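Here is the structure we will look at.
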Amino acid sequence: MKDKAVIIYSGGLDSTVLLTQCRKEYDEVIALNFDYGSKHNRKEREAARKITELLNIPYYEYDIPTICRGGEPHKFVHTVDFLRSDLLESGGEIPTEEYNAENMEKTIVPFRNGIMLSLGAGFTESIGFGRIAIANHAGDHTIYPDCRPGFIKSCRETIKRGTDKRIVLHAPFQYLTKAEIVKLGSEIGAPLELTWSCYKGEEYHCGMCATCRERKEAFNSAGVFDPTVYNSTK
Ligand SMILES: [Zn+2]
C-alpha cells in the first residue's frame, strides 16, 4: 500500500507526465491547479480539465491572481504588482526569441514554485494526504532558482518539518531533461497531445516563444512525434 499524493498540476507537458506516472505509482492522486495570473493560465486550464477527465483524476482549481495582478493602492501609494513578470497579464510582451539569459529572466515569476508548494503543502495536510509532487526538471535549473535541486532539498525539509503528518515532497524529474520527460511520457502513455506549453495563451501554440521552441526541441531530441499544432506550421 503506497501513499496518496497531491500533484501540482498546470496542464503542461512536464506535470502531465508526472500526473500519469504518479497515477500508476500511488493509490490515490489529486491534481491541484493554481491560476497565478499568467497569460496562458486559461489555455493551461482547458488542457488540465480535459486531461484529468480523461485520466479520471480528481482535479481542483484555486485562484491566486488577486495578489498576483496588483494590489489596491492605499492613499498616496502607487499600485505595485505583487509579482512582476512578463509571464503575467500585468507584464509586458512575451519574448519570441530562443531562450537566452535576458528573455528567460523576463518570464520568471518570482518564487512561483515556492508559493505553489507552500499553498500546496497546506492543502495536502488539510486533505490528509502524505505526499506532494512537483514536475521541475533539469532544463529549468539555469534560470529558475526555485527549480534547482538545492531549493527542492531545503523545501522538502521545510515541508516535512512544517506539517503534522511530515508530508514528503516528491520531485522525480529534477535531474531529467525535457526530452527525457517527453520520452518517458510517450512510454507510459501520457496524453502529450492534450498538454499546453505556449506562454502566449492564444488559440494555438505560437511556435515562436521560448517555451514553444523548447517543446519542439524536446520532442525532436526524444525522437517522439510532436502532435502539437503550432501557429507557424498550420
Ligand atoms: Zn509559444
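Atoms within each ligand, like the ligands themselves, are counted from 1 in listed order. Treat the numbers as computed from the prediction; the structure is a model and nothing was measured.
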Using 30° and 60° as the class boundaries, would you call the ring planes of Tyr199 and His40 parallel, tilted or perpendicular?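 Answer is perpendicular, since the angle exceeds 60°.
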Any ion pair linking Glu187 and Lys183 (charged N to carboxylate O, less than 4.0 Å)?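 Looking at Glu187 together with Lys183, the answer is yes, because their closest N to O distance falls below 4.0 Å.
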At a cut-off of 2.8 Å, list the protein N/O/S atoms near the Zn ion (ligand 1), residue plus atom name.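 For the Zn ion (ligand 1), the protein N, O and S atoms that sit under 2.8 Å away are Cys198 SG, Cys206 SG, Cys209 SG, Cys212 SG.
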Do side-chain atoms of Gln174 reach the backbone of Cys147 as a donor and acceptor pair under 3.5 angstrom?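 No; zero donor-acceptor contacts below 3.5 Å.
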Measure from the side-chain N and O atoms of Ser85 to the backbone N and O of Ile108, and report whether any donor-acceptor pair falls under 3.5 Å.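 Checking the backbone N and O of Ile108 against the side chain of Ser85, a donor-acceptor pair under 3.5 Å is found.
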Quick one: list whatever passes side-chain contact (heavy atoms from CB on, under 4.5 Å) with Arg49, sequence neighbours left out.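 Arg49 satisfies side-chain contact (heavy atoms from CB on, under 4.5 Å) with Arg45, Tyr59, Glu61 only.
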Could you walk me through whether Tyr62 and Phe123 pass ring-ring contact (aromatic ring centres under 6.0 Å, His included), step by step? CA-CA 11 Å; Tyr62 294 92; Phe123 177 83; 5.8 Å; yes
